[in-house]
Number of protein chains: 2
Amino acid sequence: MTMTIRDVARRAGVSVATVSRALNRSGPVREETRRRVEAAVRALRYRPNSTARSLITRRTRMLGVLLPDLYGEFFSELIRGLDEAAQAGGYHLLVSSSHDNASDLEAALHGMHGRVDGLVVMAPKVKAEVLEDLLPGNVPVVLLNSPAGERPRDSLRIDGFGGARAVACHLAAHGHARIGIINGPAENFDAQERLRGYRAGLAEAGLAPDEALEVAGDFTGSGGYAGATALLALARRPTAIFAANDAMAVGALSALRAAGLAVPEEMALAGFDDVSSAQYMIPPLTTVRGRIWDLGARSVARLAEAMAAGAAREQQPELLPATLMARRSCGCAPGVREAGERG
Amino acid sequence: MTMTIRDVARRAGVSVATVSRALNRSGPVREETRRRVEAAVRALRYRPNSTARSLITRRTRMLGVLLPDLYGEFFSELIRGLDEAAQAGGYHLLVSSSHDNASDLEAALHGMHGRVDGLVVMAPKVKAEVLEDLLPGNVPVVLLNSPAGERPRDSLRIDGFGGARAVACHLAAHGHARIGIINGPAENFDAQERLRGYRAGLAEAGLAPDEALEVAGDFTGSGGYAGATALLALARRPTAIFAANDAMAVGALSALRAAGLAVPEEMALAGFDDVSSAQYMIPPLTTVRGRIWDLGARSVARLAEAMAAGAAREQQPELLPATLMARRSCGCAPGVREAGERG
DNA sequence: TTGTAAGCGTTATCAG
DNA sequence: CTGATAACGCTTACAA
């Protein structure tokens, strides 16, 4: 039924080896012979069987992508970046999501064994040492937004630390002395980095740290609502709130509105991520933008390098910049200004 | 280096055939023999080579997923549904995004040839006949939110028509007689369905259609902003606006705010999709919720059925309900009420 | 420049 | 119940 290389060979009056060479340009083939082969290919609508090819070449031209429980735009933007770069390089993406913990991740990695030529792994909740044990040694791996372990790894991350620090500094520059933060999940690496950046920013601005101003959150809208409510209940309220992501900022804004507080006049607010609706919020949300598409595309590029260079290549982390987008919610003037202050 | 079935056979003192039978339970194997095999497998850390297996079984245990340029939560939620169902069935997902037009889609389908056992295709901008030509005949296909062609196809969609109709009826029930709509891209099937539903809802409520109240949009925030602005510029303004998706509703809300109009008092507003921030908007956005996760999971289930039944199975479309979520922005009272009015 | 033939690691058929 | 052995469709020495 379905055509094989033998059918093409027969039809073109050559051997299968010649067909293979002609199609892959992997050896000398007389021009006229190649024409005959190509004609046969078209006539028979022949499509090489990628499975058979993989079996012998030991390459699948597929890249595995393991992601945690991601919501919203980050996910789609990342996949888009990965996919476009992969396609450009002739690769396909084997995607698996919802791996928050080590055992899920292990199962997923297990399932991808032998199916992929490289792996992009994002597991912000899994500790470095644990991760190191889980990762396979036979294919190159790029880590996304993961903590650095003992040995240097190919890894990429968006500069959460720098972005958060920029937010804190910016808020301080607006004259705020009491700046609260609604944190992400404690075990989440991104959340840790943003918290670290927030603290660094305060220190840089000469502000004393105050643990009461750091409340727990979970990166969801309702978590933001609860976090803001908790902050408002404080005896000594903050005058500005930094939500560790935009989803929480949305919830926080809702809570502030419910409490009758004007933003930014009575309470400044900032988020992180720059989701597409951020600029349409009322007031437009000051936040931090990471280049997520780039994160995906770079991951594939790094994998490609690693695959080309073989095992004896030195691995290293890479930091992608995050940009402060100063809008109304922090107290910045309305208008076109959408600042390019680097984090 | 890497272990093969022969190594296991040698170590267990049996033939490769027996190892295969033991591992796949595909034939009789004495209990004690099986133990020996399994011990050898563990000792050698043997993992069957899925490529070789695929070559002979002619199944890859992979499902192709082709998506258009999707943004935001729809994408991630869909993948999650697909992935969880796929994993449960022992399948992997080969994902490819950004296929809005026919030729991109064709290239992507081309690339997946032979790599997948089934296909989930979403291409709301590609016409039914064109799609029919492109789709392969050798593997089962499930269409997502696509127009129905001549012959019955396995397809799934969220009831955009019903959801939009419910919105229009609901707005009319609030006493609005002039209800505007900010449309999605004209060539987009979802947009067409929602427009159709809007018109049907008006008719049902006894309202005369008015083309001036139907303005173009593009499913983005800025499109919503522009659409609302256009609606406000009308000599006879609407008193309510239905944005064909939430992203546009966010932009519209921003435009209304800029024009100094109170929502819902001076202008009612509704969206479609129920993105997670909708309930935290100010005011909370009335919108329509589709069960996107279910859409993904059902797709895989349908594919599984099709693969099990073989070619001689009758195909048919399936409609997933969309639910009106009545919140403040349409004029509904504040409070817990989050209506379960079915679309 | 081309052809022959030996695999790649499994599964499946058919004797034993 | 078990073992040889022939596929599966392709690439790649090695010969010619």
Side-chain angles (χ1 to χ4, degrees), chain A residues 1-41 44-62 90 111-117 138-139, chain B residues 1-41 44-62 90 111-117 138-139:
Chain A
M1 198 64 237
T2 169
M3 294 298 144
T4 80
I5 198 173
R6 308 178 70 105
D7 299 309
V8 176
R10 184 158 29 232
R11 168 117 186 184
V14 298
S15 73
V16 294
T18 299
V19 175
S20 177
R21 280 189 293 255
L23 262 31
N24 304 318
R25 310 190 183 307
S26 58
V29 175
R30 194 154 32 110
E31 184 55 27
E32 192 251 323
T33 311
R34 232 196 46 192
R35 292 215 186 297
R36 281 221 311 286
V37 169
E38 282 171 353
V41 164
L44 301 177
R45 285 214 179 72
Y46 166 71
R47 311 285 323 268
N49 179 316
S50 47
T51 305
R53 195 205 294 265
S54 291
L55 181 58
I56 191 162
T57 60
R58 300 172 160 302
R59 283 126 136 291
T60 60
R61 309 244 37 140
M62 296 201 277
M112 291 206 168
H113 173 87
R115 310 188 97 102
V116 298
D117 295 343
N138 54 344
V139 296
Chain B
M1 197 66 240
T2 170
M3 295 297 144
T4 80
I5 197 173
R6 308 178 70 104
D7 299 310
V8 176
R10 185 159 27 232
R11 168 118 186 183
V14 297
S15 72
V16 294
T18 299
V19 175
S20 178
R21 279 189 293 256
L23 261 32
N24 304 317
R25 311 192 183 305
S26 58
V29 175
R30 196 160 24 117
E31 184 56 26
E32 191 250 322
T33 311
R34 232 198 46 195
R35 292 214 187 297
R36 281 221 311 287
V37 170
E38 282 170 353
V41 165
L44 300 176
R45 284 212 180 72
Y46 166 72
R47 311 282 324 267
N49 179 315
S50 46
T51 304
R53 196 204 292 263
S54 291
L55 180 58
I56 191 160
T57 59
R58 301 175 159 301
R59 283 126 138 292
T60 60
R61 310 244 35 141
M62 296 200 279
M112 291 207 169
H113 173 88
R115 312 188 96 102
V116 298
D117 295 342
N138 54 343
V139 295

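A note on names: the letters A, B, ... follow the listed sequences, proteins ahead of strands, and every chain is numbered from 1. If you're wondering where the values come from, they're calculated on a predicted model, not measured in any experiment.
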Do nucleotides 10-16 of chain D as a string where each nucleotide becomes B, S or -: B if the base has a protein heavy atom under 4.0 Å, S if just the sugar-phosphate does, - if no protein is that close. BBBB---
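Residues that satisfy the salt bridge (charged side-chain N to carboxylate O under 4.0 Å, His left out) test with A:Arg35, not counting sequence neighbours, are A:Glu31. Legend: residues meeting side-chain contact (heavy atoms from CB on, under 4.5 Å) with B:Val41, ordered by chain and number and at least two apart, are B:Val8, B:Leu23, B:Val37, B:Tyr46. Residues satisfying the side-chain contact (heavy atoms from CB on, under 4.5 Å) criterion with B:Arg21, sequence neighbours excluded, are B:Ala17, B:Thr18, B:Ser26, B:Val29. Judged as a side-chain contact (heavy atoms from CB on, under 4.5 Å), and not counting sequence neighbours, the contacts of B:Arg25 are B:Arg34, B:Glu38. For B:Arg115, the side-chain contact (heavy atoms from CB on, under 4.5 Å) partners at least two apart in sequence or on another chain are A:Ser50, A:Arg61, A:Met62, A:His92, B:Leu94. Under the salt bridge (charged side-chain N to carboxylate O under 4.0 Å, His left out) criterion, A:Arg30 pairs with A:Glu32, sequence neighbours left out. With sequence neighbours left out, A:Arg10 forms a salt bridge (charged side-chain N to carboxylate O under 4.0 Å, His left out) with A:Asp7.
Across the protein-nucleic acid pair, B:Arg35 atom CZ and D:dC1 atom C1' stand 17 Å apart, rounded to whole Å. Counting to the nearest Å, the C1' atom of C:dT10 and the CZ atom of B:Arg59 are 15 Å from each other. Between A:Leu55 atom CG and C:dG7 atom C1' the separation is 9 Å, expressed in whole Å.
Between the axis at the start and the axis at the end of the helix from C:dT1-D:dA16 to C:dG16-D:dC1 there is an angle of 40°, using five pairs per end and rounding to 10 degrees.
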